[in-house]
Amino acid sequence: MKAITFHGTGDVRVESVADPAIMEATDAVVRITTSAVCGSDLHPYHGRGAAPGGPPLVESGSVMGHEFMGVVEEVGAGVSRVKKGDRIIAPFSISCGSCEWCRMRLPTQCTTTGRAVFGGRFGKQYPGGQAEWIRVPFADHMCEKVPAGMTDEQVFFLGDILSTGYFCAENAGIRPGNTVALFGAGPVGLLALQSAQLFGPSRVYVVDRVDYRLKLAEEMGGTPVDLDKVEPVAELRRLTGGRGPDAVLECVGHEVPFGQAIQAVRPGGTVSSVGVYVENSIGFPVREAFFKDLTLKMGICNARNFILPLMPLIQTGKLQPTRIITHTLPLSDGPKGYAIFDKKEDRAIKVMLKP
Ligand code: NAD
Ligand code: ZN
């Protein structure tokens, strides 16, 4: 089959790789109908690693991608909930559903898979979803059937970035009338913005520097703050009468906005961070965090838990994840998809790939 493979900084290729097959009785093989490029795919693409000079985040030659959905083509003898022909969506992290952490509803901490992510190099290695086919382990637990009448694009983001955006907003503890600031108007940030609005804030200030992303944030009801025109911490204070936003959402995954989120939030406020920090450690304005009595919540999203609860919010139009899609390319144009998403060319926000 054809797949997007990783070969080092800025180098992803369309290559022929082995077709997936059932390896365990609990597996399914899924024919992928829609895939996408995620901001998390950009970390290895940028050459980021856990330690400076250390190994890249993805093994050279491995199949990239953890956002996918499709149709079940084959199931192992131990699979009973899903069957051939079912349209399914699966979360980006791979979990068994039965270990101690899965039973605590923390599937990203699954000890059976070693916290594996499709296409990642942590834990057990599972090829990714920027491909024509994929092996989905623990299929009964991992796969959720797609309700008839919903398009791929409506459902797709439940597997990762809509769930992540919602998780970010929910963790921020937003109360009706609160002021909220959000760093990063990429796909995750824009879906965090939609999610934050469900909690009734008076304003959501959206900080980024990419004009067309700020424009979409504004169309979605956010108030843009261009960090190339103003210093965001001072500006957020000014916009909130000197006090700072009640909650700050961090959807970038870098030291600078993380520190600025802590500096911007009001005393006793909450910082909710979902940007991925690939490095082992970063600088942290710990003194300010301490003296502010702030609450900090962060983490990898247990997207599995959000797929079913968020589905009706999409069906009723309260969440409109398809609004972030700017490009739908054939899988064979995957390298171009990475390049325009990374460089923010052609007004790219979310790039979908069709095998
Ligand atoms: P993206 O790279 O398109 O979005 C990042 C946005 O942040 C861009 O629009 C960029 O212009 C903006 N930005 C850069 N520096 C900034 C700064 N200093 N202040 C404000 N904005 C700044 O990627 P994305 O797909 O939206 O993903 C965002 C982050 O979420 C990534 O780190 C990704 O790895 C992470 N992520 C986390 C989870 C999770 O489970 N926690 C899941 C999916 C993605
Ligand atoms: Zn992702």
Side-chain angles (χ1 to χ4, degrees), residues 35-46 48 57 64-68 90-93 106-109 115 117-120 128-130 156-169 171 181-193 205-217 224-233 235-236 248-261 263-264 272-279 282 297-306 321 324-326 337-338 340-345 347-351:
S35 177
V37 186
C38 179
S40 299
D41 298 326
L42 294 182
H43 304 317
Y45 189 75
H46 290 158
R48 289 175 84 182
L57 293 167
M64 294 286 285
H66 51 266
E67 293 180 289
F68 64 91
F92 68 87
S93 82
L106 290 168
T108 55
Q109 311 302 319
R115 299 170 158 181
V117 170
F118 287 106
Q130 289 164 7
F156 186 83
F157 301 119
L158 290 170
D160 183 354
I161 61 170
L162 178 59
S163 293
T164 299
Y166 187 89
F167 167 69
C168 185
N171 274 347
L182 189 162
F183 284 81
V188 171
L190 290 166
L191 296 179
L193 166 62
Y205 300 103
V206 180
V207 184
D208 204 304
R209 59 161 55 87
V210 181
D211 57 353
Y212 67 86
R213 294 184 173 198
L214 287 173
K215 185 158 180 297
L216 181 57
V225 174
D226 184 338
L227 68 106
D228 280 342
K229 295 194 179 133
V230 289
E231 196 290 306
V233 175
E235 181 67 2
L236 291 170
V248 183
L249 281 51
E250 192 287 324
C251 302
V252 185
H254 284 280
E255 182 170 327
V256 170
F258 185 69
Q260 289 174 336
Q263 290 168 322
S272 171
S273 173
V274 293
V276 170
Y277 301 93
V278 295
E279 296 81 10
I282 60 165
K297 291 215 178 183
M298 64 191 304
I300 184 165
C301 176
N302 288 288
R304 182 70 193 88
N305 299 347
F306 291 88
I324 67 169
I325 299 173
T326 52
Y338 270 77
I340 59 170
F341 177 53
D342 175 36
K343 298 198 187 78
K344 300 172 181 70
E345 287 172 355
R347 303 176 76 81
I349 300 181
K350 191 69 184 181
V351 178

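Counting starts at 1 for both ligands and their atoms, in listed order.
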Any donor-acceptor pair under 3.5 Å linking the side chain of [X] with the backbone of [Y]?
| X | Y | result |
| --- | --- | --- |
| Y45 | G39 | no |
| K343 | Y338 | no |
| Q130 | A36 | yes |
| S163 | L158 | yes |

Heavy-atom nearest neighbour of atom 5 (C) of ligand 1 within options G165, P187, C251: C251
Shortest reach to atom 4 (O) of ligand 1 by a heavy atom, considering only G186, A36, P257: G186
Which atoms of ligand 1 are found less than 4.0 Å from any heavy atom of [X]?
| X | answer |
| --- | --- |
| S40 | 33 (C), 34 (O), 35 (C), 36 (N), 43 (C), 44 (C) |
| K344 | 8 (C), 9 (O), 10 (C), 11 (O) |
| D160 | 42 (C), 43 (C) |
| F92 | 40 (O) |
| G299 | 41 (N) |
| L227 | 17 (C), 19 (N), 20 (C), 21 (N) |

For the Zn ion (ligand 2), the closest N/O/S atom belonging to D160: OD2
Which residue supplies the protein heavy atom nearest to [atom], what is that atom called, and how far is it?
| atom | value |
| --- | --- |
| atom 6 (C) of ligand 1 | D208 OD2, 3.7 Å |
| atom 2 (O) of ligand 1 | L42 CD1, 4.0 Å |
| atom 13 (N) of ligand 1 | V252 CG1, 3.8 Å |
| atom 27 (O) of ligand 1 | V188 CG2, 3.5 Å |
| atom 40 (O) of ligand 1 | C301 N, 2.8 Å |
| atom 37 (C) of ligand 1 | V274 O, 2.9 Å |
| atom 3 (O) of ligand 1 | R213 NH1, 2.9 Å |
| atom 7 (O) of ligand 1 | G184 CA, 3.5 Å |

Identified side-chain contact (heavy atoms from CB on, under 4.5 Å) counterpart of H66 within the set S35, S93, S40: S40
Minimal non-hydrogen separation, A303 against G159, with atom names: CB-O, 3.5 Å
Contact summary for L193 and A217, nearest pair of heavy atoms: CD2-O, 3.5 Å
To the nearest 0.5 angstrom, please state how far the [atom1] atom of [X] sits from the [atom2] atom of [Y].
| X | Y | atom1 | atom2 | result |
| --- | --- | --- | --- | --- |
| I324 | L162 | CD1 | CG | 8.5 Å |
| S273 | N171 | OG | CG | 10.0 Å |
| L106 | I300 | CG | CD1 | 11.0 Å |
| K229 | E235 | NZ | CD | 11.5 Å |
| D208 | L227 | CG | CG | 6.5 Å |
| D41 | D342 | CG | CG | 11.0 Å |

Applying a heavy-atom cut-off of 4.0 Å, say which part of [X] lies close to ligand 1: side chain, backbone, both or neither.
| X | answer |
| --- | --- |
| V210 | side chain |
| A303 | neither |
| F167 | neither |
| L190 | neither |
| T164 | side chain |

Is [X] near ligand 1, meaning one of its heavy atoms is under 4.0 Å from it?
| X | result |
| --- | --- |
| C168 | no |
| H254 | no |
| F341 | yes |
| H43 | yes |

Metal-centred angle, NE2 of H66 through the Zn ion (ligand 2) to SG of C38, rounded to 10 degrees: 110°
Side chain to side chain contact (heavy atoms under 4.5 Å, CB included) between L216 and T326, intermediate numbers included: CA-CA 11 Å; L216 181 57; T326 52; over 6 Å; no
Polar contact flag for I300 and ligand 1 (N/O pairs, less than 3.5 Å): no
Close N or O approach (G39, ligand 1; < 3.5 Å): yes
I349 vs R347, side chain to side chain contact (heavy atoms under 4.5 Å, CB included): CA-CA, chis, key distance, verdict: CA-CA 7 Å; I349 300 181; R347 303 176 76 81; over 6 Å; no
Criterion side chain to side chain contact (heavy atoms under 4.5 Å, CB included) on D160 and C38, from CA distance to verdict: CA-CA 9 Å; D160 183 354; C38 179; 3.6 Å; yes
Enclosure of K344 NZ (heavy-atom neighbours >12, cutoff 6.0 Å): yes
